[in-house]
Amino acid sequence: VLLPANLGLVTLAPLEPGALLKTYVPDLMTNIVEPLRLSGVPDEAILGLGGKTRLNDLAPLLDP
């Protein structure tokens, strides 16, 4: 089951034992870039996390 974040309070009642995986889409600057910079990771290494593709979402955040 994939539930949207804006759905509000949801109660799941499984009929059998199972597992729940809770995930979220991080804010790239707040949750990824800033903590890595504070840890001393260079921007080139941070950029590498997004892969070598034109669709790298980190690239615009690292432009001066």
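All values derive from a computational prediction rather than experimental measurement. Any value given below was found using the heavy atoms of this structure, including those in side chains, with hydrogens, waters and symmetry copies removed.
Not counting sequence neighbours, P35 has no partner by the side chain to side chain contact (heavy atoms under 4.5 Å, CB included) test.
Atom CG of L2 is separated from atom CG of L7 by 10.5 Å, given to the nearest 0.5 angstrom. Atoms CG and CG, on L28 and L61 in that order, are 6.0 Å from each other to the nearest 0.5 Å. In this structure, CG in N56 is found 5.0 Å from CG in L47, a value given to the nearest 0.5 Å. Taking CE from M29 and CG from L62, the interatomic distance works out to 6.5 Å, rounded to the nearest 0.5 Å.
Cluster annotation: I32 and V25 are assigned to distinct hydrophobic clusters (Ile/Leu/Val/Met/Phe/Trp/Tyr, side-chain heavy-atom contacts under 4.5 Å, transitive). Cluster membership for V33 and L55, using ILVMFWY side-chain heavy atoms within less than 4.5 angstrom, is not shared.
Heavy-atom neighbours of D57 CG from other residues, nucleotides or ligands within 6.0 Å: at or below the threshold of 12.
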